[in-house]
Asks: 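Here you go, one structure.
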Amino acid sequence: MTTPRKVLILGAGVAGAILARRLSALPGLDVTCLERVAPDDHSEAGTGLNVGPNALKALRACDPALADEVSAQSLPWRSWRTSLSDGTLLFDLPLARVADNDGIRIRWSELYRILRQGAGAAIRYGCEVSAIGPDPRDPQRTRVAWTQNGEHQVLDGIDLLIGTDGRYSATRAAFSGLPEARHVGVAILRVLVEDRSGGLVDDYEQWFNRHHRLLAFRVPPGHIYIAGTYPIEAGAPIPEDWKTPEAMRRAFLPEGRAASPAVRWLVDALCAQAGEAHWARMQESEPRFAEPERQVLYLGDSAHGMAPTLGQGATQAMEDASCAALLIEAAVRDGQLAVRPWLAAIEAARHERIRFAMDLSVRATDTLLAGADPVAGARWKTEAPFIGELSQLFRDVALGERA
Ligand SMILES: Cc1cc2nc3c(=O)[nH]c(=O)nc-3n(C[C@H](O)[C@H](O)[C@H](O)COP(=O)(O)OP(=O)(O)OC[C@H]3O[C@@H](n4cnc5c(N)ncnc54)[C@H](O)[C@@H]3O)c2cc1C
């Protein structure tokens, strides 16, 4: 009988929880998944997410029951409307034109809850990792040490270490260093507010005031997610005086014209929560899926940072995890337990796809840059080349040949 392959998944966020559920059900693998936070700690997931149709398509191919559960707890994402802040409509794109299925709108904490619950006892919570490195006895394999409930534990001889530990991946830092951030030149603030809009806001919509963009959509239960953007010099710190209600009104309300009722409501709601807003600078980073010398795989944000303009961060993390699960399941089913070919297959399936999603996300950011004209920026997004690329993004999920 072959010894089971030891798999350690580090981080049970979007990608890690999907993988923990799938891989822990496979005979032939001995899976450990370590998560830093407690099961009900969602302090780092306080906003809403629009998750692209491609994520649901990929998840459904890999795990239909989990895809059903996620969809049941979400609202459908069916259209992308773009207007000026006075309400002038620039375009209204039904996603059915560019996708085979709906996307979803969901609270980030709710997505974590469903995915983590789906993995059940496969995830160990409250784990503080203290060391990640090569196994001294075997250069291909790795070793991880952690503390859980005050007890120090070590796993060595790990056949496959999967870093699904997000943007500041300790796994990636341990083996190849954290990738350098490429700043896109846009600062973004995000809040989740109670829905008291009286129906003014529902599906995914954007409103431009020159190069400032508000984006909002409703998420269950009873909340509205709002994001606003400011152009910023690439890499510069976000000025503190942008974080005041006065600065937000200047940025998002039209000058000399009335704002649309939705924009008026959103700006009031944003200003009321100004102190709670999550601020970040849009950035991307060089993708890397596998270490060349060791059996280490990266998926989701640890493999690639991407500009959030098309809502592809969690979306591609779901595609990555679905692809990896399907390819590993197929290999194990066929008795192919050598790990290096798994890594090669996942990298081959995902690399170009991720480069494409990253590139399209940056190009779609044009309307958020300093001095941008939202009308011209909206126009090219209604033309055949962009519609074709969006359709490729939402339809052509890359799950690998054996999947
Ligand atoms: C405010 C905000 C809004 C966003 N909106 C969208 C959106 O609308 N649509 C979209 O698709 N994407 C969105 N994103 C991006 C999306 O959230 C991420 O791309 C996605 O969560 C990445 O998934 P992941 O599985 O790679 O990592 P994560 O979901 O970040 O999960 C990483 C996990 O690893 C754990 N972890 C980290 N370090 C360790 C460690 N040392 N030991 C143990 N565990 C560890 C973390 O606790 C976490 O559970 C948004 C991001 C932000 C910040």
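We count ligands from 1, going down the list as the structure has it; atoms in each ligand are counted the same way. Just so it is clear, the values below take in all heavy atoms, side chains as well, and ignore hydrogens, waters and symmetry mates.
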Asks: Using a distance-only test with no angle check, is there a side-chain donor-acceptor pair under 3.5 angstrom linking Q206 and W80?
Replies: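 Q206 vs W80: donor-acceptor pair found between side chains.
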Asks: Roughly how far apart are R288 CZ and E347 CD, rounded to 0.5 Å?
Replies: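 One gets 8.5 Å once the value is rounded to the nearest 0.5 Å.
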Asks: Show me the pairs that pass ring pair (Phe, Tyr, Trp, His ring centres under 6.0 Å) and involve residues 294-330, at least two apart or across chains.
Replies: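 Qualifying pairs: F289-H304.
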Asks: Polar pairs, ligand 1 vs protein, N/O only, below 3.5 Å.
Replies:
from: ligand 1; atom 1: 8 (O); to: N50; atom 2: N; distance (Å): 2.9
from: ligand 1; atom 1: 8 (O); to: N50; atom 2: OD1; distance (Å): 2.8
from: ligand 1; atom 1: 9 (N); to: N50; atom 2: O; distance (Å): 2.8
from: ligand 1; atom 1: 11 (O); to: G311; atom 2: O; distance (Å): 2.9
from: ligand 1; atom 1: 11 (O); to: G313; atom 2: N; distance (Å): 3.3
from: ligand 1; atom 1: 11 (O); to: A314; atom 2: N; distance (Å): 2.9
from: ligand 1; atom 1: 11 (O); to: T315; atom 2: N; distance (Å): 3.1
from: ligand 1; atom 1: 11 (O); to: T315; atom 2: OG1; distance (Å): 3.2
from: ligand 1; atom 1: 12 (N); to: A314; atom 2: N; distance (Å): 3.0
from: ligand 1; atom 1: 19 (O); to: D301; atom 2: OD1; distance (Å): 2.8
from: ligand 1; atom 1: 19 (O); to: D301; atom 2: OD2; distance (Å): 3.2
from: ligand 1; atom 1: 19 (O); to: G313; atom 2: O; distance (Å): 3.4
from: ligand 1; atom 1: 19 (O); to: A314; atom 2: N; distance (Å): 3.2
from: ligand 1; atom 1: 25 (O); to: V14; atom 2: N; distance (Å): 3.1
from: ligand 1; atom 1: 25 (O); to: A15; atom 2: N; distance (Å): 2.8
from: ligand 1; atom 1: 26 (O); to: D301; atom 2: N; distance (Å): 2.7
from: ligand 1; atom 1: 29 (O); to: V14; atom 2: N; distance (Å): 3.4
from: ligand 1; atom 1: 29 (O); to: Y112; atom 2: OH; distance (Å): 2.6
from: ligand 1; atom 1: 44 (N); to: R36; atom 2: N; distance (Å): 3.1
from: ligand 1; atom 1: 47 (O); to: E35; atom 2: OE2; distance (Å): 2.6
from: ligand 1; atom 1: 49 (O); to: E35; atom 2: OE1; distance (Å): 2.7
from: ligand 1; atom 1: 49 (O); to: E35; atom 2: OE2; distance (Å): 3.3
from: ligand 1; atom 1: 49 (O); to: R116; atom 2: NH2; distance (Å): 2.9

Asks: Kindly write out the residues that satisfy salt bridge (Lys or Arg N to Asp or Glu O under 4.0 Å) with K6, not counting sequence neighbours, or none if the list is empty.
Replies: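 None.
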Asks: Can a side-chain donor-acceptor contact be found between R107 and Q73 if the only test is distance below 3.5 angstrom?
Replies: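 The answer is no; no qualifying pair exists.
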Asks: Name all residues meeting the salt bridge (Lys or Arg N to Asp or Glu O under 4.0 Å) criterion together with E69; count only those two or more places apart in sequence or in a different chain, and write none if there are none.
Replies: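 Checked E69 against salt bridge (Lys or Arg N to Asp or Glu O under 4.0 Å); zero matches.
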